[in-house]
Number of protein chains: 2
Amino acid sequence: MTDVVQDRKAGRPRLTDVAEIAGVSMKTVSNVINGYQHVAPRTRERVLAAVEEVGYRPNLSARNLARGRSGVIALVVPQLEMPYFSALAGRVIERAEARGWFVLIHETGGVLAAERAALEGSFPQRIDGLIVSARRLSVDDLQVRKDHTPLVLLGEHGYGEAAHHVAIDNVAAARTAVDHLLGLGCRRVAMIGGDPDDTGDPRMRGYVEALEHAGIGVDRNLMRRITTNSGEEGERATRDLLAQAAEPPDGVFAVTDWVALGAIRALHLAGLHVPGDVAVVGFDDIPYGRAVTPSLTTISPDRTAIAELALGMLEAQLSGGTLADPVDQNVPFHLVVRESTAGIGSAPGESQEPVA
Amino acid sequence: MTDVVQDRKAGRPRLTDVAEIAGVSMKTVSNVINGYQHVAPRTRERVLAAVEEVGYRPNLSARNLARGRSGVIALVVPQLEMPYFSALAGRVIERAEARGWFVLIHETGGVLAAERAALEGSFPQRIDGLIVSARRLSVDDLQVRKDHTPLVLLGEHGYGEAAHHVAIDNVAAARTAVDHLLGLGCRRVAMIGGDPDDTGDPRMRGYVEALEHAGIGVDRNLMRRITTNSGEEGERATRDLLAQAAEPPDGVFAVTDWVALGAIRALHLAGLHVPGDVAVVGFDDIPYGRAVTPSLTTISPDRTAIAELALGMLEAQLSGGTLADPVDQNVPFHLVVRESTAGIGSAPGESQEPVA
DNA sequence: CTGAAAGCGCTTACAG
DNA sequence: CTGAAAGCGCTTACAG
């Protein structure tokens, strides 16, 4: 209460203050602030001048209470510390701010139970929308969902008709990566992290397509499954491959940059030179990739586009009200060529390292 | 009566619903939920049972509106994508959730103007508290601050009497890192990122103290300044040092892990082996350090402790109201020994890689 | 230890 | 195109 009183004294301007100065009712001020049509231009100007004069900023708690919303959307990711997700989170926060939304970041550790719980709105507070980057969630989980909070899924795997989804075209991206290796003259291209038996794995499909298009048969001995997208698993799988293959690969496509980092490690330990003996391409464009030796060639998804599109889809669900059929949207990506395929010191222009 | 309750079922349960079921007033429910004393145990039990029964969760917008708060605290960092900060953010979010607070993450890019703006509350909405990890902010900036939002600063540099501050003891941590190198037999220990002329630089002081304690004179030729804590700068500074020094160092202490990664790169390119020829220690314990070859020995700050302490200090400022003298709190840290000082394959136990 | 009621700062049918 | 008034779901002096 004391706070409130002091607040008044300090004169944090309210809607009524603006209305009084502009000589109009609260309703009109509200109309102007919320950008509704049908406000006389002159009135609008007077209101905006008053807003400016007192430095008015709406009290979001009051607005949300009146609107029956919380003003909070949740971004659910496996682990914020993973650079791919923190970079994504930065962009989501940025674009959400423009809409007056807070972003509640929630970590699942990539655990299925936690991902399911997020889907059912198990948050300490009410949320208006949900953006989920899931690792284990299946179409089934979405179909049995009871909660109706607007939802958009991110990530490699699509969910068909079960949910809205935003991602790069992973098949095309993987194919671009492998085409790059083939263009360098590689003929024995390994894939670390691809499951040859999972035809639903888009990166695996892109790998296969690229090879077939180049008239190179797929050699299962050059493919290795992994259990998690970690550096350790990448290293283990690559070591395994080197131990079993009759001849080492001359190119490696890794499903993520982390895995690529592990693969490079295994190659080094086996006495192979990157990219001299083996060229390596990763996926995600995490900042580590620029800091290591050799720096990492990778697929860079347009994270800003992912964030903007996901938020737009949430907004549409919130306002439209129509339960339009789930949409699967693609965003751009590009190949970033660095030393792991082009050679040490070959990419002097690549210097967008974080400022820290 | 029952009809009324069922009618309400359409919406989310409110405080009144709980009150009705428990047969008490809203006030009493509020008291129980907010953990106030002086509620008869039996009444409390009835209320809690009702809360449980309907799955009541308070509407934070309404609560904050009534309390005259926003329920939002801002966490200001240079860049979320930097793993040190995203890891920190994860812990802050976690601890804030326990207090019913949202965390608004704000990036400054390490730019002074942006850091100053954050200090003055230039947020799209009102915030209850501010945790700032600043790169450029000085004591002067704090002294001219007009805004009175509770504030806690993080980061390497303390601000004396000018502000509350939470950090590890950077002098002790740096000394621990250098002691480790000395214990390994290093005698020519370089420091990358230390400014020999800035006596206020705690990591530099720790470096000097360690050398002096070991009876080794400080050799200015082994110290190199950098302009940003980036891999590139670390590489450039190290290359510079190698070019100018009569004899290469046998140990390197880098001010951050990023810088250490760059230093290792320069050492490799100069044909030096890490740790065979030169042992390297970094600072921060970013996850990259576990994924690269050689994995990085580093100083690991207790980020959970930083988060909890900072939030506790904010809470104290919010409730206490007393403008107690600014406190400078230390949290624990520890040295993590990995391959960059111990040798390849030497640290099999170090495998806490992120689950991604 | 508990209740009745005012008030937090907005939005939004409903009139005009 | 604009106004007066109810209501969103809480907290909190103020009484009892």
Side-chain angles (χ1 to χ4, degrees), chain A residues 1-20 22-47 50-51 54-72 100 124-126 128 318-319, chain B residues 8 10-20 22-47 50-51 54-72 100 124-126 128 318-319:
Chain A
M1 190 60 179
T2 315
D3 283 333
V4 174
V5 172
Q6 284 181 342
D7 221 44
R8 277 282 192 69
K9 269 190 185 168
R12 184 163 210 95
R14 294 156 307 160
L15 198 54
T16 23
D17 301 325
V18 175
E20 196 173 334
V24 298
S25 75
M26 285 173 66
K27 173 78 204 295
T28 302
V29 178
S30 180
N31 282 163
V32 171
I33 285 170
N34 291 297
Y36 291 144
Q37 314 296 334
H38 310 307
V39 177
R42 203 169 287 173
T43 311
R44 176 191 305 281
E45 266 175 39
R46 251 189 314 156
V47 170
V51 165
V54 299
Y56 173 73
R57 280 180 296 179
N59 178 320
L60 294 186
S61 293
R63 169 181 289 175
N64 290 322
L65 177 59
R67 283 188 180 162
R69 298 222 175 130
S70 66
V72 176
Q125 41 256 318
R126 192 179 168 194
D128 295 336
L318 273 168
S319 60
Chain B
R8 296 299 186 201
R12 268 168 206 276
R14 295 157 306 162
L15 198 56
T16 24
D17 301 325
V18 175
E20 197 172 333
V24 298
S25 74
M26 286 173 67
K27 173 74 203 295
T28 301
V29 177
S30 180
N31 283 162
V32 170
I33 285 170
N34 292 295
Y36 292 144
Q37 312 299 333
H38 311 304
V39 178
R42 202 169 286 173
T43 311
R44 175 190 307 279
E45 265 175 40
R46 253 189 313 156
V47 170
V51 164
V54 297
Y56 172 72
R57 280 178 297 176
N59 177 321
L60 294 188
S61 293
R63 168 181 289 176
N64 289 321
L65 178 59
R67 283 187 181 164
R69 299 226 175 127
S70 65
V72 176
Q125 43 255 319
R126 191 179 169 195
D128 296 337
L318 273 167
S319 60

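Per chain, numbering begins at 1; letters A, B, ... match sequence-line order. As the structure is a computational prediction, the values presented were derived from the model and not from experiment.
N31(B) places its CG atom 8 Å from the P atom of dT2(C), with the value rounded to the nearest Å. Rounded to an integer number of Å, the gap from R67(A) CZ to dG9(C) C1' is 13 Å. Distance N64(A) CG to dG9(D) P: 13 Å, rounded to the nearest Å. Per the geometry, CE belonging to M26(A) stands 15 Å off P belonging to dA13(C), to the nearest Å. Straight-line distance from the CZ atom of R69(B) to the P atom of dT11(D): 12 Å, rounded to whole Å. Between L65(B) atom CG and dC10(D) atom P the separation is 12 Å, expressed in whole Å. Nucleotide dC8(D) holds its P atom 14 Å from the CG atom of L15(B), rounded to whole Å. Summarising the geometry, the separation between CD1 on I33(A) and P on dT11(C) is reported as 7 Å, rounded to the nearest angstrom.
Comparing R46(B) and A62(B) against DNA chain C, the residue whose closest nucleotide sits nearer the 5' end is R46(B).
R12(B) is not listed as a side-chain neighbour of N59(B), based on a closest heavy-atom distance of 4.5 Å or more. For the pair V72(A)/R126(A), no side-chain contact is recorded, criterion being any heavy-atom separation below 4.5 Å from C-beta on.
Residue R67(A) holds its CZ atom at 9.0 Å from CG of L60(A), rounded to the nearest 0.5 Å.
Between the side chains of D128(B) and S70(B), at least one donor N or O lies within less than 3.5 Å of an accepting N or O.
Distance from the side chain of T28(B) is smallest to dG3(C) among dT11(D), dG3(C), dG9(C). Considering only the side chain of K27(B), dC14(D) comes nearest among dC14(C), dC14(D), dC10(C). The nucleotide whose nearest atom lies closest to any side-chain atom of R14(B) is, among dT11(D), dG9(D), dA13(D), dG9(D).
Residue S25(B) has no polar side-chain atom (N or O) positioned under 4.0 Å from OP1 or OP2 of dA4(C). In this model, the phosphate group of dC10(C) is not approached by any side-chain N or O of S61(A) to a distance below 4.0 Å at OP1 or OP2.
Backbone-only contact: T43(A) has heavy atoms under 4.0 Å from sugar-phosphate atoms and none from a base. At the heavy-atom level, N34(B) lies under 4.0 Å from the strands shown only through sugar-phosphate atoms.
Taking each heavy atom of A19(B) and M26(B) in turn, the nearest pair found is CB-N, 3.9 Å.
Between the C1' atoms of dT12(C) and dG16(C), the separation comes to 16 Å (whole Å).
Across all strands shown, dA15(D) pairs with dT2(C); the Watson-Crick or G-U wobble distances both stay below 3.5 Å.
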